[in-house]
Amino acid sequence: MARVLQIRRGSSAQNNNFTGMPGEITFDTDTKTLRVHDGVLLGGYPLARADQVTSGDGASGGAFDINSVPDEFWAAKIAQFAAAPITSITHDPVPVRATAYVDYIFDTDKTPFHVGCALVCQTPDAGYSVGDSVRAFGFGSRCAPAPNVFRDASGLHVRMMIGSQTPWVAHHDTGVATNITAGRWSIQFRLYC
């Protein structure tokens, strides 16, 4: 015989006057919803049923549309988590070649909080067209390598170590790591300050 799990249940009024233990779940027999409790909030946190969830445009059961999120929301989030104003500095792509490393010196006194890099297709390869920028790449067994960043008298160096490792990108159509010819690709660094 199958085992049955039965959780606490009661009307909305009963649930509203109940403080469950942390992690406890109760069932509201009036609204036919679950409530999750934290041991503090009277009544707990009601969970919506699938038929009660609306999309960004207000249509019931629709998919969420990120374009419906107001600009004010994004401005508030950026202000909350990043120092304003954020600037990005990009350079012209530098050819990837069989060498120990690719180095670019930025003429800036700003200290970046993030350094991104991408390979830029110069000759059609691995399903990509000229000018396509690819962030899913690596060298040998290294996936998504991060550049080294340091400052000396000549400026802010951003250096990608390559060594004798074969460069590869995730193929445009299959996503499979595909070895590339170094001369067909360039690397581009972007500083976020």
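Bear in mind that the values here come from a model prediction, so they are computed numbers and not experimental data. Worth knowing before you read on, the calculation uses all heavy atoms, side chains too, and leaves out hydrogens, waters and symmetry mates.
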Over all heavy atoms of both residues, which pair between [X] and [Y] is shortest? Give the atoms and the distance, please.
X	Y	value
Arg151	Thr108	NH1-O, 2.8 Å
Pro95	Ser186	CA-OG, 3.6 Å
Ser133	Ala118	OG-CB, 3.3 Å
Pro124	Val130	CD-CG2, 3.7 Å
Ser129	Asp132	N-OD2, 2.8 Å
Pro145	Cys117	O-SG, 4.0 Å

ring-ring contact (aromatic ring centres under 6.0 Å, His included) partners of residues 146-170, not counting sequence neighbours, each pair once: Phe150-His157
Pairs meeting criterion ring-ring contact (aromatic ring centres under 6.0 Å, His included) with involvement of residues 4-32, two or more places apart: Phe18-His37
[atom1]-[atom2] distance between [X] and [Y], expressed to the nearest 0.5 angstrom:
X	Y	atom1	atom2	answer
Arg184	Thr123	CZ	OG1	6.0 Å
Asn15	Arg8	CG	CZ	10.5 Å
Arg9	Ile25	CZ	CD1	15.0 Å
Arg35	Thr26	CZ	OG1	6.5 Å
Leu34	Leu47	CG	CG	6.0 Å

Donor-acceptor side-chain pairing of Ser12 and Asp28 below 3.5 angstrom: yes
Pair Arg49-Thr33, side-chain donor/acceptor within less than 3.5 Å: no
Within 6.0 Å of CG in Asp92, more than 12 heavy atoms from elsewhere: no
Atom CG of Asp107 with >12 non-hydrogen neighbours under 6.0 angstrom: no
Hydrophobic clusters join Ile, Leu, Val, Met, Phe, Trp and Tyr when side-chain heavy atoms are under 4.5 Å apart, directly or via other members; which others share one with [X]?
X	answer
Tyr45	Leu41
Leu191	Ile89, Val94, Val96, Val102, Tyr104, Phe106, Val115, Leu119, Tyr128, Val134, Phe137, Phe139, Val149, Leu156, Val158, Met160, Ile162, Val169, Ile180, Trp185, Ile187, Phe189
Met161	Tyr101

Residues forming a side chain to side chain donor-acceptor pair (under 3.5 Å) with Ser11, sequence neighbours excluded: Gln14
Are any side-chain N or O atoms of [X] and backbone N or O atoms of [Y], one a donor and one an acceptor, separated by less than 3.5 Å?
X	Y	answer
Gln188	His91	yes
Asn17	Ala13	yes
Thr181	Gly183	no
Thr31	Thr29	no

Any Thr111 side-chain heavy atom under 4.5 Å of Cys193 side chain: no
Side chains of Ser88 and Tyr192 in contact at under 4.5 Å (non-hydrogen atoms): yes
